[in-house]
Amino acid sequence: MKILFFGTPRFAEIVLQGLIDSEFKVVGVVCQNDKPAGRGNKLVSPHIVSLAKANGLPVYQFEKLKDHIEDFKTMDYDLAVTASYGKILPKAFLDIKPCINVHPSLLPKYRGATPIQTALLNGDKVTGVTIMKTEVGMDDGDIFVQEKVEILPEEDYVSLLDKLASVGLRLLLDTLKKIEDGTSVRTPQNHDEATFVKLIQKEDGFLDFSQTTESLVNKVRAFVESPVAHFYVGGDLIKVYKAQIGQFAEQAEVGQIVKTKKKLFVKAQDGFFEILRCQASGGKVLNVVDFLNGYHFKAMVVDR
RNA sequence: CGCGAGGUAGAGCAGCUCGGAAGCUCGCCGGGCUCAUAACCCGGAGGUCACAGGUUCAAAUCCUGUCCUCGCAA
């Protein structure tokens, strides 16, 4: 079975790698356009482009799929697979060949672009992966298979994404086999139970210490890749990559910074938010011990 | 040429304005103290101050160029 793959970020990369290694033949990769990024605003290709090229696969980066329907019609493939492609596929494309999607949530829960972050933000203990038919509506197609995945307390966006992607890959390969055999079965979603996730804005990463330590830690876990949980002290930006609910028996005002030789806390609504890994502007991401060795606090209360 | 910060012991930083013996914290090695610690004391090893030129009696420090890292914006 020849597969045309649609996907852009890391989640898609993991799935694509698995497909390449499988018995199925990937005939091409469609991903988003190169974008100006980083210092100098140089044009940067999505990571997945190098993976595709390293495996000799043609890469298609179309501004609008709608304008390339004829191109797709002439392509030699049997089935399209989407995984975090990042764009809605037009009906004209979906009408050409069947298309299935890998979605990292227990649909109909968490439809949309940020299911993994949302599960972490909400402090969920369980999430999952769903293989479903790609339709015009957002993540509302019939379900082939779904599997629960436990979220461990120390898990963050990156580790959870890896776990979900590898489960998703296994389920996808399973489903592809069944489709090939003609034994696949799919059931409609219960649309009444559907929930939708929000897109993430940069300011969503701001740590407001009037919130609970648990919600702050969840924010760190969810946003570790982007936009990264952060706050300001004395005008300096501090990004937090790893944190936990701290154990510290002292009184302090909300937003006050408390440090010992090897530990760094910020008082939050209901306790101490302990920073384990962070970064100041211009510096590298550091474990808290290294950070404390050199960083000079310009204030001992976070900026509002 | 989008804006900005930085490269100094294994790690994180200070020193640079105003040129004149390489310093702090952590780690490491050795010793000591304590019922105990989110601890403490003594000693030790470890650095071509990113690289290359230039100015000077003298450069981590001033000037020029190169390489690398990071924050912002998009």
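Proteins come first, then strands; the chains are lettered A, B, ... in the order of their sequence lines, and each starts at number 1. Only a predicted model underlies this, so the values are computations on that prediction, with no experimental measurement involved.
When the C1' atom is compared between B:G46 and B:C51, the two are found 23 Å apart, to the nearest whole Å. Across the P atoms, B:A9 and B:G15 are found 15 Å apart, a figure rounded to whole Å. Separation of the P atoms belonging to B:G54 and B:U8 is 24 Å when rounded to the nearest angstrom. The separation of B:C28 from B:A39, taken at their P atoms, amounts to 13 Å, rounded to a whole angstrom. Between the P atoms of B:A11 and B:A58, the separation comes to 32 Å (whole Å). Rounded to whole Å, the separation between the P atoms of B:C67 and B:G23 comes to 34 Å. The P atoms of B:C29 and B:A45 are separated by 16 Å, rounded to the nearest whole Å. Nucleotides B:U66 and B:U56 are separated by 24 Å at their P atoms, to the nearest Å.
Nearest nucleotide to the side chain of A:Arg39, out of B:G71, B:C26, B:A38: B:G71. Residue A:Lys284 has its side chain nearest to B:U69 when only B:G2, B:U25, B:U69 are considered. Comparing B:C72, B:A14, B:A38 against the side chain of A:Leu237 picks out B:C72 as the nearest. Listed candidates were B:C72, B:A74, B:U25. Nearest to the side chain of A:Asn293 is B:U25. Candidate nucleotides B:A14, B:G71, B:A38 were compared by shortest atom distance to the side chain of A:Phe248, and B:A38 ranks first. Side-chain proximity of A:Lys239 to the nucleotides B:A38, B:C26, B:G71 is greatest for B:G71. Checking B:A73, B:C26, B:A38 against every side-chain atom of A:Asn41, the shortest atom distance belongs to B:A73.
For the pairing with A:Phe231, the ring pair (Phe, Tyr, Trp, His ring centres under 6.0 Å) check across A:Phe206, A:Phe273, A:Phe209 returns one residue only, A:Phe209.
Both distances falling under 3.5 Å, in either a Watson-Crick or a G-U wobble arrangement, place B:G23 opposite B:C13. The partner of B:G71 is B:C3, judged by Watson-Crick or G-U wobble contacts that both fall below 3.5 Å. Of all nucleotides present, none satisfies the Watson-Crick or G-U wobble test against B:G46 with each distance under 3.5 Å. Under the Watson-Crick or G-U wobble criterion, with both distances below 3.5 Å, B:A39 is left unpaired in every strand shown.
Where A:Val289 and A:Gly40 each meet RNA chain B at their nearest nucleotide, the meeting point lying more 5' is that of A:Gly40. Map A:Pro36 and A:Gly282 each onto its nearest nucleotide of RNA chain B; the residue landing nearer the 5' end is A:Gly282.
The nearest pair of heavy atoms linking A:Asp139 to A:Arg111 is O-NE, 3.3 Å.
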CA sep, side-chain torsions, deciding dist, call: A:Tyr295, A:Asp236, side-chain hydrogen bond (donor to acceptor under 3.5 Å, both in side chains): CA-CA 11 Å; A:Tyr295 185 75; A:Asp236 283 0; 2.6 Å; yes
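A distance-only check finds no donor-acceptor pair linking the side chain of A:Ser84 to the backbone of A:Ala12 [under 3.5 Å].
Between the CD atom of A:Glu250 and the C1' atom of B:U37 there is a distance of 14 Å, rounded to whole Å. The NZ-P distance, from A:Lys263 to B:G12, rounds to 22 Å in whole Å. Residue A:Phe297 contributes atom CZ, which lies 13 Å from atom C1' of B:G12 at whole-angstrom precision.
Phosphate proximity of B:A73 to A:Lys202: present, with a side-chain N or O under 4.0 Å from OP1 or OP2. For A:Gln247 and B:A38, the shortest distance from a side-chain N or O to OP1 or OP2 is not below 4.0 Å. In this structure, A:Lys262 does not reach the B:A11 phosphate: none of its side-chain N or O atoms is under 4.0 Å from OP1 or OP2.
Side-chain contact check for A:Glu147 versus A:Arg170: some heavy-atom pair is nearer than 4.5 Å.
Atom CD of A:Gln247 has 12 or fewer neighbouring heavy atoms from other residues, nucleotides or ligands inside a 6.0 Å radius.
Across all strands, A:Lys35 comes closer than 4.0 Å to no nucleic acid atom at all (heavy-atom distances).
The distance from the SG atom of A:Cys99 to the CZ atom of A:Phe93 is 5.5 Å, given to the nearest 0.5 Å.
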